[in-house]
Amino acid sequence: MNTTPSSTTLHTTSTTASARPKSDQDQPQVDATKRVHAAGERALVLGGGGSTGNAWLIGVIAGLFEAELDVTDADLVIGTSAGSTAAAQISGATPIELLAAILAAAPQQQARPVGSDGGRVPVRPVTDHMERTGAIIAAAEDAADMRRRMGAAALEMDAASDGSGQTRWRATVAARVPSQLWPQRRMLITAVDALTGEPVVFDRDSGVDLVDAIAASCASGFAYRIGESRYIDGGYRSNADNADLAAGYSRVLVLSPFAGRSRTPVDWGMHLATQVDELRARGSRVETIFPDSNSEHMFGANAMNLSLRPPAARAGYDQGRALAEQLTKFWH
């Protein structure tokens, strides 16, 4: 087993409480990383990867499930961007049901947003988005500077919009999840504060609706508002996988649609390989699954191509079936 992405291998004392100002301890702690949790046995990490990445994640989990390995019983599920959607989906429906829904969906093209004049606004291609964010990464001094710059760029784009996209985006995310309630099992969803650039992790105790947490984690190119705060894609927290949040868990299974790749310099320490090494150094057993060489073309620049969701799901399913026997010993 290794992490090479080119094969199917694993890789109150005064008057009343309201009469006094609230202290920091009175405020709800939105960021789950500020709360101490006991570690557990098994953690499932679902990485980001756009629409095709979400389909591939569901496919892998369904393939494992069909082969009698249910990884949805993990003690912890970590979801980033498209992986946050998948994390919520597997908490509200069976993997087979989710896979069937992807394969049965009518062919569709990426929807274009409606402008303030009622007309269709041209969608910038993924390559353009990659170029703009790539320039931000290249200009940044470190990861913290990069996150601040990404947040500022998203806020600038929001200032030029009519604000209607927020409502539409929330409705889109809500339609994708079987249940809008946080599961009892521990689930972490990543994002980044667009105003400060600080990493944020949501959980069921953050005081944030599950749909809003997912919408924030998937906010790429714009900033999603929750209360007075704005958030951008959780992939900017550390990388598209954020496997470091599984520290302390005995067994960690990482499903990475982007095959563990990162667009940031290696010395920033954000690559999945670095996180895996750190997890193992702290005593965790870690296995990774990446798309095989026959399906790599469906990710990256093609990550938002909705017509590729069914083949991405099928490719993931085949990998899950093929890897189930090896992973069963690891997971149990």
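Residue numbers start at 1 and run along the sequence shown.
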Run Asp203 and Met187 through side chain to side chain contact (heavy atoms under 4.5 Å, CB included) and show every step you take. CA-CA 6 Å; Asp203 67 1; Met187 179 191 295; over 6 Å; no
Report yes if some heavy atom in the side chain of Thr33 is under 4.5 Å from a heavy atom in the side chain of Leu188; otherwise report no. no
What distance separates Cys218 SG from Ile189 CD1, expressed to the nearest 0.5 Å? 8.5 Å
Heavy atoms, side chains only, cut-off 4.5 Å: are Thr133 and Arg263 in contact? yes
Residues two or more places apart in sequence or in another chain: which of them pass salt bridge (charged side-chain N to carboxylate O under 4.0 Å, His left out) with Asp142? none
Ignoring hydrogens, what is the shortest heavy-atom contact between Ala139 and Asp145? Give both atom names and the distance. O-OD2, 4.2 Å
Any side-chain heavy atom of Leu253 sitting closer than 4.5 Å to one from Val286? no
Interatomic distance, Thr190 atom OG1 to Leu245 atom CG [nearest 0.5 angstrom]: 7.5 Å
Under 3.5 Å, is there a donor-acceptor pair between the side chain of Thr172 and the main chain of Arg168? yes
Can you sort out the partners of Ser220 under side-chain hydrogen bond (donor to acceptor under 3.5 Å, both in side chains), two or more places apart, ordered by chain and number? His129
What I want to check is whether the side chains of Thr274 and Asp277 have a donor and an acceptor closer together than 3.5 Å. no
4.5 Å side-chain heavy-atom contact, Phe290 and Phe258: no
Clusters formed by hydrophobic residues whose side-chain heavy atoms approach within less than 4.5 Å: which one holds Val266, and what are its other members? none
If you look only at distance, which donor and acceptor atoms sit under 3.5 Å apart when one is on a side chain in residues 191-198 and the other is two or more places apart or in another chain?
from	atom 1	to	atom 2	distance (Å)
Asp193	OD1	Leu195	N	2.9
Asp193	OD1	Thr196	N	3.2
Thr196	OG1	Glu198	N	3.1

Can you hop from Leu57 to Met298 via hydrophobic side chains spaced under 4.5 Å? yes
Got a donor-acceptor contact below 3.5 angstrom from the Asn242 side chain to the Gly234 backbone? yes
Mind checking side-chain contact (heavy atoms from CB on, under 4.5 Å) for Ala55 and listing every partner two or more places apart, or none if nothing turns up? Ile102, Arg309, Ala312, Ala313
Share the residues that join Phe65 in a hydrophobic cluster, the rule being Ile, Leu, Val, Met, Phe, Trp or Tyr side chains under 4.5 Å apart at the heavy-atom level. Ile96
Are Val200 and Leu155 grouped together when hydrophobic residues (ILVMFWY) are joined by side-chain heavy atoms under 4.5 angstrom apart? no
Minimal non-hydrogen separation, Phe202 against Ala213, with atom names: CD1-CB, 3.8 Å
Quick one: are Ser217 and Ile214 in side-chain contact, heavy atoms under 4.5 Å? no
Enumerate the salt bridge (charged side-chain N to carboxylate O under 4.0 Å, His left out) contacts for residues 69-78, please, sequence neighbours excluded, ordered by first and then second residue. Arg42-Asp73
What heavy-atom pair brings Ile137 and Pro265 nearest, and what distance separates the two atoms? CG2-CD, 4.4 Å
Rounding to 0.5 Å, atoms OG1 (Thr328) and CG (Leu69) come to a distance of 4.5 Å
Trp169 (side chain) donor-acceptor with Ala215 (main chain) under 3.5 angstrom: yes
List the atom pairs, donor and acceptor, that lie under 3.5 Å between side-chain atoms in residues 175-183 and the rest of the protein, sequence neighbours left out.
from	atom 1	to	atom 2	distance (Å)
Ser179	OG	Leu181	N	3.3
Trp182	NE1	Val208	O	2.8

Value for CZ (Arg314) from CG (Leu103), rounded to nearest 0.5 Å, stands at 5.5 Å
Does Ala315 offer a backbone N or O that forms a donor-acceptor pair with the side chain of Ser295 under 3.5 Å? no
Output a table of donor-acceptor pairs, distance under 3.5 Å, between side-chain atoms of residues 221-231 and any protein atom two or more places apart or on a different chain; print 'none' if there are none.
from	atom 1	to	atom 2	distance (Å)
Tyr224	OH	Asp212	OD1	2.5
Arg230	NH1	Asp158	OD2	3.4

Donor-acceptor pair, Ser206 side chain versus Val30 backbone, under 3.5 Å? yes
Answer whether the closest heavy-atom distance between the side chains of Ile58 and Ile90 falls below 4.5 Å. yes
With rounding to the nearest 0.5 angstrom, report the CG to CG distance, Leu44 to Leu64. 9.5 Å
Salt bridge (charged side-chain N to carboxylate O under 4.0 Å, His left out): which pairs involve residues 240-253, sequence neighbours left out? Glu41-Arg251, Arg237-Asp244
Close side-chain approach of Trp56 and Ile289, heavy atoms under 4.5 Å: yes
Is there any side-chain hydrogen bond (donor to acceptor under 3.5 Å, both in side chains) pair reaching into residues 89-99, and which pairs are they, with sequence neighbours excluded? Asn54-Gln89, Ser91-Arg185, Thr94-Glu97
So, for Ala87 and Val77, which heavy atoms are closest and what is the spacing to 0.1 Å? CB-CG1, 3.6 Å
Check: Asn239 and His271 side chains under 4.5 Å, non-hydrogen atoms: no
For Gly235 against Thr80, the heavy-atom pair lying closest together: N-CG2, 3.5 Å
For Ala243, side-chain contact (heavy atoms from CB on, under 4.5 Å) partners two or more places apart: Val45, Val254, Leu272, Gln275, Leu279
Atom pair CD1/CG of Ile61 and Leu255 - distance to nearest 0.5 Å: 6.0 Å
Salt bridge or not for Arg132 and Asp128, using N-O below 4.0 Å? yes
For Asp31 versus Pro199, what's the shortest heavy-atom pair and its separation? OD2-O, 3.7 Å
